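Computed from a predicted model, the values in this text were never measured in an experiment. Here is the naming used below: chain letters follow the sequence lines, and residue numbers restart at 1 for every chain.
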Protein chains: 2
Amino acid sequence: MLRLSTKGQYGVRAMYEIARGYPDEPVNIKSISRRQDVSIHYLEQILNRLRRAGLIKSVKGPGGGYLLTRPPEEISIAEILEELEGPFALTSCLNPEEGCVRVDRCVTHLLWKSLGWQIESFLRTVTLDDLLKGFKPLDYQTLLKRARV
Amino acid sequence: MLRLSTKGQYGVRAMYEIARGYPDEPVNIKSISRRQDVSIHYLEQILNRLRRAGLIKSVKGPGGGYLLTRPPEEISIAEILEELEGPFALTSCLNPEEGCVRVDRCVTHLLWKSLGWQIESFLRTVTLDDLLKGFKPLDYQTLLKRARV
DNA sequence: AAATACTTAACTATTTTTGTCAAGTATTTT
DNA sequence: AAAATACTTGACAAAAATAGTTAAGTATTT
Ligand code: FES
Ligand code: FES
């Protein structure tokens with residue numbers, strides 16, 4: 001239930017590899033593909049979107065690859081996922097572009113909205129730098145402390 | 001991103017209607033369909049699963065319908081969603097039946113696992129009784145207080 | 001000129017979602 | 001017994017989303 005698509009998962013893992021080269025060592029697609037076991041062609045599609053969104057930039061030619069445009073501690077997981085999968089809206093009713101006529105008399109609307117907030121808030125507190133440092137949230141209490149900030 | 005299927009959404013809303021008849025007034029499918037704007041045939045499919053799971057029971061014949069098998073305050077949203085959409089596993093790697101060979105060297109595995117825990121924990125604290133009483137989580141702080149229990 | 005590496009668009013197979021349809025079975029009331 | 005109400009089950013199917021692949025480029029450095 002509530003599955004994260006492979007596009008989002010691969011995107012975060014690719015960003016982790018690119019973050020390892022920060023600030024000046026471009027990481028090429030082939031090595032990301034090798035280290036993360038994701039097809040080169042699929043990665044091309046994913047990295048293109050992240051580049052157009054301004055999260056990474058590309059360096060062409062031999063020795064080229066991808067580089068972060070900002071320090072790893074300034075790029076959150078939420079930001080990456082948002083670019084690849086759209087806004088945090090658990091239901092179509094919550095999507096501003098779709099909306100819902102039942103909103104006012106719906107008993108579950110606020111529930112989904114709140115859960116969405118909670119998910120988004122947590123993912124905004126986790127950055128690429130956390131992943132680089134081997135961030136390992138061990139228990140629920142630790143998570144709450146982070147989220148409470 | 002991270003969408004909840006209509007089956008899960010409709011399931012919770014149907015359970016809310018059935019909860020309104022607790023403990024002794026069976027609620028028939030037709031009235032659930034009318035009040036929640038969901039097709040009768042689709043509801044049949046959903047309620048069947050919830051009945052087989054033991055969350056509700058059916059009463060046949062005229063005046064029949066569905067009844068909760070336990071008090072509304074003992075049935076959490078998490079339980080309903082689990083029956084309709086399977087376990088809280090954000091990625092296939094987290095699903096016990098699927099698994100993943102990369103788990104040990106994966107930089108994101110614990111992240112998705114933690115987020116899954118957080119979502120599940122929150123939904124276990126919200127019950128049908130909360131919905132009946134018009135539970136309206138107003139802000140993130142309120143949510144955290146509930147989750148912290 | 002050659003090698004490396006990114007860029008873009010179009011296409012497609014598979015799976016999941018979101019239902020519908022049809023033919024029952026069970027129970028109560030008259 | 002008959003009629004009405006209401007649940008039960010399984011099969012089917014359209015539509016959308018997911019998860020990629022294919023092909024033909026362009027740009028840069030050595
Ligand atoms: S049905 Fe749209 S807000 Fe609940
Ligand atoms: S790829 Fe399976 S655990 Fe991360």
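- In the displayed structure, A:Glu73 atom CD is contacted under 6.0 Å by more than 12 heavy atoms of other residues, nucleotides or ligands.
- Here CD1 of A:Ile46 is found 10.0 Å from CD of A:Gln9. Values are rounded to the nearest 0.5 Å.
- Of the possible polar contacts, one joining the A:Thr69 side chain to the A:Leu55 backbone as a donor-acceptor pair under 3.5 Å is found.
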Inset, instruction - Begin with the C-alpha distance, continue with both residues' side-chain angles, and end with the deciding distance and a verdict on side chain to side chain contact (heavy atoms under 4.5 Å, CB included) for B:Phe122 and A:Leu111. - result: CA-CA 10 Å; B:Phe122 171 61; A:Leu111 177 62; 4.2 Å; yes
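- A donor-acceptor pair under 3.5 Å is formed between the side chain of A:Arg49 and the backbone N or O of A:Glu83.
- Between D:dC7 and B:Arg51, no contact under 4.0 Å exists linking OP1 or OP2 to a side-chain N or O.
- Salt-bridge check for A:Arg124 with A:Glu82: passed, with a basic side-chain N closer than 4.0 Å to an acidic carboxylate O.
- Checking the phosphate oxygens (OP1, OP2) of D:dT18, no side-chain nitrogen or oxygen of A:Thr6 falls inside 4.0 Å.
- Position along DNA chain D of the nearest nucleotide to A:His41 versus A:Glu85 favours A:Glu85 as the more 5'-ward residue.
- Distances shown here put every side-chain N or O of B:Arg52 at or beyond 4.0 Å from the OP1 or OP2 atom of D:dT8.
- Listed nucleotides: D:dT9, C:dT20, D:dG20. Nearest to the side chain of B:Tyr42: C:dT20.
- Spacing between atom CG of A:Leu4 and atom C1' of D:dA19 amounts to 14 Å, rounded to whole angstrom units.
- For C:dA5, the OP1/OP2 oxygens have no side-chain nitrogen or oxygen of A:Ser58 closer than 4.0 Å.
- A straight line from CD1 of B:Ile32 to P of D:dT5 spans 18 Å, rounded to a whole angstrom.
- For DNA chain D, if you chain together Watson-Crick or G-U pairs that step i with j, i+1 with j-1 and so on, the runs of at least three with distances under 3.5 Å are C:1-30 with D:1-30.
- Checked against C:dT20, D:dT8, C:dA3, the side chain of A:Pro62 finds its nearest nucleotide in C:dA3.
- We find that CG of B:Asn48 is positioned 13 Å from C1' of C:dG24, with the value rounded to whole Å.
- Straight-line distance from the NZ atom of B:Lys60 to the P atom of C:dT25: 10 Å, rounded to whole Å.
- Side chain of A:Asp130 to backbone of A:Thr127: a donor-acceptor contact under 3.5 angstrom is found.
- Across all strands shown, A:Arg49 has no heavy atoms under 4.0 Å from either base or sugar-phosphate atoms.
- The nearest whole Å value for the distance from the CD1 atom in A:Ile46 to the P atom in C:dC6 is 14 Å.
- Place A:Gly61 and A:Ile40 on DNA chain D by their nearest nucleotides, and A:Ile40 ends up nearer the 5' end.
- Contact annotation: the side chain of A:Leu90 approaches that of A:Ile119 to within less than 4.5 Å [non-hydrogen atoms, C-beta and beyond].
- Residue A:Leu67 contributes atom CG, which lies 13 Å from atom C1' of C:dC6 at whole-angstrom precision.
- Dashed line: the shortest gap from a side-chain N or O of A:Ser39 to OP1 or OP2 of D:dT21 is under 4.0 Å.
- Using a 4.5 Å heavy-atom threshold, the side chains of A:Leu2 and B:Leu81 count as separate.
- At the phosphate of C:dT7, OP1 or OP2 sits under 4.0 Å from a side-chain N or O atom of A:Tyr66.
- Under the 3.5 Å distance criterion, the side-chain polar atoms of B:Ser33 are left unmatched by any main-chain donor or acceptor of B:Ile29.
- Under the 3.5 Å distance criterion, the side-chain polar atoms of A:Ser76 are left unmatched by any main-chain donor or acceptor of A:Val126.
- Checking A:Glu44 against A:Arg3, the closest nucleotide of DNA chain C that is more toward the 5' end is the one next to A:Glu44.
- Put simply, NZ on B:Lys57 is 14 Å from P on C:dT27, counting in whole angstrom units.
- Put simply, CG on A:Leu84 is 14 Å from C1' on D:dT18, counting in whole angstrom units.
- You won't find any donor-acceptor pair under 3.5 Å spanning the side chain of B:Gln45 and the base of D:dT8, going by distance alone.
- The stretch residues 20-30 of chain B has no heavy atom under 4.0 angstrom from DNA chain C at all.
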